[in-house]
2 protein chains.
Amino acid sequence: MDYNQAYALNRALRTIGMRHRSLAATELNRLGLAIGQESLIMELANQGPRTQAQLATAAGCEPPTITSAVQKLEALGLVSRRPSTKDRRATVVELTVKGESLLEGLSAAWIHLAESTVAGLSRTKVEDMIETLDDLAASLETAARDLDARRPT
Amino acid sequence: MDYNQAYALNRALRTIGMRHRSLAATELNRLGLAIGQESLIMELANQGPRTQAQLATAAGCEPPTITSAVQKLEALGLVSRRPSTKDRRATVVELTVKGESLLEGLSAAWIHLAESTVAGLSRTKVEDMIETLDDLAASLETAARDLDARRPT
DNA sequence: TAATTAATGTTAGACGCCTAACTAATCGCT
DNA sequence: AGCGATTAGTTAGGCGTCTAACATTAATTA
């Protein structure tokens with residue numbers, strides 16, 4: 001690949017990441033949430049109670065990030081924690097009633113975010129966009145996995 | 001747009017942002033740089049000496065981010081600062097010789113980053129990917145602009 | 001010209017995310 | 001059965017980014 005293509009690709013991805021994150025943050029602020037917390041709430045809503053390790057895998061981030069996010073969600077009363085009965089190392093996280101009451105607003109906010117994200121597209125259909133982004137997300141996941149498989153212990 | 005589409009879109013964008021940023025960070029770390037600094041260096045290489053306000057606009061971030069990034073680049077000896085002669089508020093930032101010596105490695109790293117980003121694509125050609133991402137980046141820029149135009153003083 | 005408004009850059013403090021280092025518990029192998 | 005290796009979670013400290021508040025200088029307008 002030549003430099004101009006690489007530059008264009010990386011630059012587009014940088015601005016996409018920053019802008020989408022920023023729009024997401026303003027949507028979530030209206031609900032009293034910070035960015036990152038939504039992915040835990042949605043995962044708990046979809047899958048039921050999960051350990052923090054499962055949440056880390058689902059959210060694609062590292063354990064310390066989960067520790068801190070769960071602590072804050074617990075302080076907000078949106079989530080509860082209890083020790084796992086089967087594995088005494090593990091902590092099971094569960095949505096509280098108050099947490100579930102957020103789900104409706106969260107869905108609306110997420111639709112609004114997606115709509116403003118694609119509102120200004122000039123030559124791409126939304127279905128094609130989603131298709132393309134899924135392909136890219138998968139490619140980046142394998143690139144990331146390959147990278148730290150190559151990183152020794 | 002229905003919720004499932006919105007969820008898929010937002011989720012793909014979240015992972016794309018996180019993974020690409022993370023890959024970029026490991027590339028830059030090899031050069032002794034942190035993420036974000038590369039966009040200033042590249043802008044200075046492309047456009048010549050710039051004020052911090054111009055750098056903020058080009059990088060798509062806020063003035064305090066530039067202040068801190070420029071301070072660190074200056075401490076590394078990659079960049080020099082001098083007061084503008086025409087506007088006594090402004091600071092002009094310029095690449096040093098040591099900064100220019102990084103450009104070659106930076107280009108190589110950026111090509112490598114782009115290649116690993118797209119290496120795992122299964123159903124999208126690179127040219128189409130760039131086209132689609134440019135469209136999306138532009139859409140998100142206008143969404144962000146509209147948002148804080150709506151935010152009053 | 002004088003007064004108001006706008007722009008440049010800084011500091012302070014917050015956020016999410018990261019890595020490194022650690023404890024405690026479980027797993028795996030001999 | 002026991003010991004080394006792995007896994008779950010936490011703490012400490014770093015990064016880039018943001019907003020809010022501020023001082024300084026420039027531009028606008030009365």
Side-chain angles (χ1 to χ4, degrees), chain A residues 14-15 17-26 28-29 32-41 50-76 81-93 144 147-148 151-153, chain B residues 14-15 17-29 32-41 50-57 59-76 81-93 144 147-148 151-153:
Chain A
R14 175 181 154 88
T15 79
M18 284 180 63
R19 296 303 184 216
H20 184 262
R21 182 184 169 91
S22 157
L23 291 178
T26 79
L28 292 169
N29 286 346
L33 293 177
I35 210 169
Q37 298 176 345
E38 87 287 352
S39 73
L40 303 193
I41 293 179
R50 304 267 94 177
T51 67
Q52 297 191 182
Q54 289 174 320
L55 291 176
T57 302
C61 59
E62 300 302 316
T65 303
I66 301 297
T67 295
S68 134
V70 167
Q71 282 172 352
K72 289 178 183 177
L73 288 174
E74 190 179 28
L76 292 171
R81 306 173 44 178
R82 75 181 121 86
S84 165
T85 55
K86 323 195 166 180
D87 184 340
R88 285 195 318 227
R89 298 167 299 178
T91 303
V92 175
V93 183
L147 189 79
D148 68 51
R151 184 171 317 186
T153 39
Chain B
R14 176 181 153 86
T15 78
M18 284 180 63
R19 295 304 185 215
H20 183 262
R21 182 185 169 90
S22 158
L23 292 178
T26 79
E27 290 290 340
L28 292 170
N29 286 347
L33 293 177
I35 209 167
Q37 298 177 346
E38 86 288 352
S39 73
L40 302 193
I41 292 179
R50 303 267 93 177
T51 68
Q52 296 192 183
Q54 289 174 321
L55 291 175
T57 302
C61 60
E62 299 302 317
T65 303
I66 301 297
T67 295
S68 133
V70 167
Q71 283 171 352
K72 288 177 183 177
L73 289 175
E74 192 180 27
L76 292 171
R81 304 174 45 180
R82 73 182 121 87
S84 165
T85 55
K86 323 194 165 180
D87 184 338
R88 287 196 317 230
R89 296 168 300 180
T91 303
V92 175
V93 183
L147 189 80
D148 68 51
R151 185 172 318 192
T153 37

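The shown structure was predicted, so the numbers you read here are calculated from the model rather than taken from an experiment. In what follows, chains are A, B, ... by sequence order, proteins preceding strands, each numbered from 1. Worth knowing before you read on, the calculation uses all heavy atoms, side chains too, and leaves out hydrogens, waters and symmetry mates.
Residues B:L33 and B:I41 form a side-chain contact, since some pair of their non-hydrogen atoms from C-beta on lies under 4.5 Å apart.
With C:dC15, C:dT8, D:dG9 as the candidates, the nucleotide lying closest to the side chain of B:A90 is C:dT8. Considering only the side chain of B:P64, D:dA20 comes nearest among D:dA20, D:dT11, D:dG16. Closest contact between the side chain of A:R88 and the listed nucleotides D:dT17, C:dA25, D:dG9 involves C:dA25. Listed nucleotides D:dA26, C:dT10, D:dG16 differ in distance to B:I35; the shortest reach to its side chain belongs to D:dG16. Among D:dG16, D:dC18, C:dG16, the nucleotide with an atom closest to any side-chain atom of B:K72 is D:dG16.
In this structure, A:L40 atom CG and C:dC17 atom C1' are separated by 13 Å, rounded to whole Å. Here the P atom of nucleotide D:dG9 and the CG atom of A:L55 are 9 Å apart, to the nearest Å. Whole-Å rounding puts the A:E62 CD to D:dT10 C1' distance at 14 Å. Atoms NZ (A:K86) and P (C:dT26) sit 14 Å apart, rounded to a whole Å. Following rounding to the nearest Å, B:L73 (CG) and D:dG16 (C1') show an atom-to-atom distance of 13 Å. Atom P of nucleotide D:dA8 and atom CD of A:Q52 are separated by 11 Å, given to the nearest angstrom. For B:N29 and D:dG16, the CG to C1' distance is 12 Å, given to the nearest whole Å.
Within 4.0 Å (heavy atoms only), A:S84 reaches no atom of the nucleic acid at all. B:Q71 comes within 4.0 angstrom of sugar-phosphate atoms only, judged by non-hydrogen atoms across all strands, and of no base. Using a 4.0 Å heavy-atom cutoff across all strands shown, A:T65 reaches at least one base atom of the nucleic acid.
Take the nearest nucleotide of DNA chain D for A:Q54 and for A:R21: the residue whose nucleotide is more 5' is A:Q54. Sequence order on DNA chain C of the closest nucleotides to A:A34 and B:T91 puts B:T91 first from the 5' end. For the pair A:I66 and B:Q37, nearest-nucleotide mapping onto DNA chain D gives the more 5' position to A:I66.
Listed pair A:R50 / D:dA8 fails the phosphate criterion, with no side-chain N or O lying under 4.0 Å from OP1 or OP2.
Taking only distance into account, the side chain of A:R89 meets the base of D:dT7 through a donor-acceptor pair shorter than 3.5 Å.
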